[in-house]
K.L.:
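Sharing a structure, written as structure tokens. Questions coming.
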Amino acid sequence: MCRHLGYLGPARSVGAVLTEGSNSLRTQSWAPKDMRGGGTINADGFGAAWWREDTTVDYRNPMPIWSDPAVDGVLAGVESTAVIAAVRSATVGMPVERGACAPFTDGRWAFSHNGVVFGWPGVLVDLASEVPVADLLTLPAPTDSAALWIVLRHLMTQHEPEKALRMLVSRVEATSPGPRLNLLLSDGRSLYATTLYHSLAVLRTEDSVTLASEPLDDNPGWTAIDDRKFIVAVPGHVDITDLD
């Protein structure tokens, strides 16, 4: 069911964001602590997106994160003030390929989904029918997460990011039986996230904020976020409200 994280703050190495801490995202790929029945390891690929000014740059690989030397090599030499990253546990029946790995990006936006839409693809037919056909034809991969991204991207042409995310969750819940929708969205300046069934924690300092499926280290500042919450975070500040 994946693990993901978002970081905003002073410039850091992208590789360090993925690997630092006793329970780093890389560690969570083989030894996650709170999958809640959604698989045992996250070995079906990984990805990271970071920002250069107002545009995302991404690196994705369908192989396990621990097998890719670029994490400690190339990505260790890239710095950014904003990073979104994920390790993937593919839902049975969905492809293991680069295009299926989060984060999905478009311009200044990056998106990750930790969870599953039960009843896919049928339960998303009505939502997808509202999306321009050209967007559907360029779906990154035939997966529920990629479809959520295409729908969300369309909703954001009509609504602010927070409203678009809330609408997406509400409409998917109306058709899918008990979906797991921990969503993470960023434009490199703010983080927007939801908790629906899966875990999420936050670490805030005076000049940074990190959201992660699990705490990345033993820092006592990590705070678990309850289920059915909506989070908006910027460096030094976190706003948590009810999802409903």
K.L.:
Would the distance check show the side chain of Asn114 and the main-chain N or O of Asn182 forming a donor-acceptor pair, the cut-off being under 3.5 Å?
P.N.:
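Side chain of Asn114 to backbone of Asn182, a donor-acceptor pair under 3.5 Å: no, none is there.
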
K.L.:
Does any N or O in the side chain of Thr194 come within less than 3.5 Å of the main-chain N or O of Leu181, such that one atom is a donor and the other an acceptor?
P.N.:
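Judged by distance alone, yes, a pair lies under 3.5 Å.
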
K.L.:
Starting at OH of Tyr7, measure out to OG of Ser208 and round the result to the nearest 0.5 Å.
P.N.:
5.0 Å

K.L.:
Enumerate the residue pairs fulfilling salt bridge (Lys or Arg N to Asp or Glu O under 4.0 Å) with a member in residues 221-231, sequence neighbours excluded, ordered by first and then second residue.
P.N.:
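Non-adjacent pairs meeting salt bridge (Lys or Arg N to Asp or Glu O under 4.0 Å): Glu173-Arg228, Arg228-Asp244, Lys229-Asp242.
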
K.L.:
Got a salt bridge between Arg60 and Asp58, using NZ or NE/NH1/NH2 to carboxylate O under 4.0 Å?
P.N.:
yes

K.L.:
For the side chain of Arg166 and the backbone of Leu243, is there at least one donor-acceptor N/O pair under 3.5 Å apart?
P.N.:
yes

K.L.:
Output side-chain donor-acceptor pairs under 3.5 Å for residues 131-139, partner residues at least two apart or in another chain, one line each.
P.N.:
residue	atom	partner	partner atom	Å
Thr138	OG1	Ala134	O	3.2
Thr138	OG1	Asp135	O	3.0

K.L.:
Can you tell me how far CG of Leu168 sits from CG of Leu127, rounded to the nearest 0.5 angstrom?
P.N.:
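If I round to the nearest 0.5 Å, the distance is 6.5 Å.
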
K.L.:
Pair up each side-chain donor or acceptor in residues 75-84 with any protein partner under 3.5 Å, not counting sequence neighbours, and list the distances.
P.N.:
residue	atom	partner	partner atom	Å
Ser80	OG	Trp51	N	3.3
Ser80	OG	Trp51	O	3.2
Ser80	OG	Ala82	N	3.2
Ser80	OG	Ala82	O	3.0

K.L.:
Indicate yes or no: at least one non-hydrogen side-chain atom of Trp222 is less than 4.5 angstrom from one of Leu216.
P.N.:
yes

K.L.:
With sequence neighbours left out, which residue pairs that include part of residues 12-34 fulfil the salt bridge (Lys or Arg N to Asp or Glu O under 4.0 Å) condition?
P.N.:
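Listed once each, the pairs are Arg12-Glu20, Arg26-Asp72, Asp34-Arg36.
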
K.L.:
Just checking, is any N or O donor in the side chain of Tyr59 or Asp68 under 3.5 Å from an acceptor N or O on the other one?
P.N.:
yes

K.L.:
State, yes or no, whether a side-chain contact exists between Leu185 and Met156 at a heavy-atom distance under 4.5 Å.
P.N.:
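When only atoms from C-beta onward are counted, Met156 and Leu185 do touch, with a gap below 4.5 Å.
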
K.L.:
Who passes side-chain contact (heavy atoms from CB on, under 4.5 Å) against Pro121, sequence neighbours left out?
P.N.:
none

K.L.:
Hey, are the side chains of Ser29 and Pro64 touching, using non-hydrogen atoms and a 4.5 Å cut-off?
P.N.:
no

K.L.:
Would you call Val117 and Leu148 a side-chain contact if the rule is heavy atoms closer than 4.5 Å?
P.N.:
yes

K.L.:
Go through the structure and list residues passing ring pair (Phe, Tyr, Trp, His ring centres under 6.0 Å) with Phe111, not counting sequence neighbours.
P.N.:
Trp149

K.L.:
Quick one: salt bridge (Lys or Arg N to Asp or Glu O under 4.0 Å) pairs with a partner in residues 118-130, sequence neighbours left out?
P.N.:
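The answer is Glu130-Arg171.
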
K.L.:
Spell out, yes or no, whether Leu152 and Leu184 are grouped together once hydrophobic residues are joined by side-chain heavy atoms under 4.5 Å, including indirect joins.
P.N.:
no

K.L.:
Quick one: list whatever passes salt bridge (Lys or Arg N to Asp or Glu O under 4.0 Å) with Asp217, sequence neighbours left out.
P.N.:
none

K.L.:
Which heavy atom in Leu8 sits nearest to a heavy atom in Ser186, and how many Å separate them?
P.N.:
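So the minimum-distance heavy-atom pair works out to CD2-OG, 4.3 Å.
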
K.L.:
Can you check whether Val202 reaches Thr210 side chain to side chain, under 4.5 Å on heavy atoms?
P.N.:
no

K.L.:
Short question: side chain of Thr175, backbone of Val123 - any donor-acceptor pair under 3.5 Å?
P.N.:
yes

K.L.:
What pairs of residues pass the salt bridge (Lys or Arg N to Asp or Glu O under 4.0 Å) test when at least one of them lies in residues 194-208, not counting sequence neighbours?
P.N.:
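Every candidate salt bridge (Lys or Arg N to Asp or Glu O under 4.0 Å) pair involving residues 194-208 fails, so no pair, neighbours aside, qualifies.
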
K.L.:
I would like to know whether Asp54 and Arg108 meet salt bridge (charged side-chain N to carboxylate O under 4.0 Å, His left out); could you show each step before the answer?
P.N.:
CA-CA 5 Å; Asp54 284 332; Arg108 65 191 179 101; over 6 Å; no

K.L.:
Below 4.5 Å, heavy atoms only, C-beta onward: do Gln158 and Met167 meet side chain to side chain?
P.N.:
no

K.L.:
In Å and rounded to the nearest 0.5 Å, what is the CG to CG distance from Leu5 to Leu211?
P.N.:
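Taking CG in Leu5 and CG in Leu211, the distance rounds to 9.0 Å.
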
K.L.:
Does the side chain of Leu18 come within less than 4.5 Å of Ser24's, by heavy atoms?
P.N.:
no

K.L.:
Is the shortest side-chain heavy-atom distance between Leu203 and Val209 below 4.5 Å?
P.N.:
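Not in contact.
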
K.L.:
Hydrophobic cluster mates of Tyr197, side-chain heavy atoms under 4.5 angstrom, ILVMFWY only, any path?
P.N.:
none

K.L.:
When you measure from the side chain of Ser199 to the backbone N and O of Ser213, does any donor-acceptor pair fall under 3.5 Å?
P.N.:
yes

K.L.:
Run the side-chain contact (heavy atoms from CB on, under 4.5 Å) check on His113 and Asp144 step by step: do they pass?
P.N.:
CA-CA 9 Å; His113 167 220; Asp144 54 354; 4.1 Å; yes

K.L.:
Considering only Ile, Leu, Val, Met, Phe, Trp and Tyr, and joining two whenever side-chain heavy atoms are under 4.5 Å apart, list the other residues clustered with Val234.
P.N.:
none

K.L.:
Donor-acceptor pair, distance only, cut-off 3.5 Å: does the side chain of Ser67 make one with the backbone of Met63?
P.N.:
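Not a single qualifying donor-acceptor pair exists.
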
K.L.:
Between the side chain of Thr91 and the main-chain N/O of Met94, is any donor-acceptor distance below 3.5 Å?
P.N.:
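No, because the side chain of Thr91 does not come within donor-acceptor range (under 3.5 Å) of the backbone of Met94.
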
K.L.:
Please identify each residue that fulfils side-chain hydrogen bond (donor to acceptor under 3.5 Å, both in side chains) with Asp44, with sequence neighbours left out.
P.N.:
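Asp44: no side-chain hydrogen bond (donor to acceptor under 3.5 Å, both in side chains) contacts found.
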
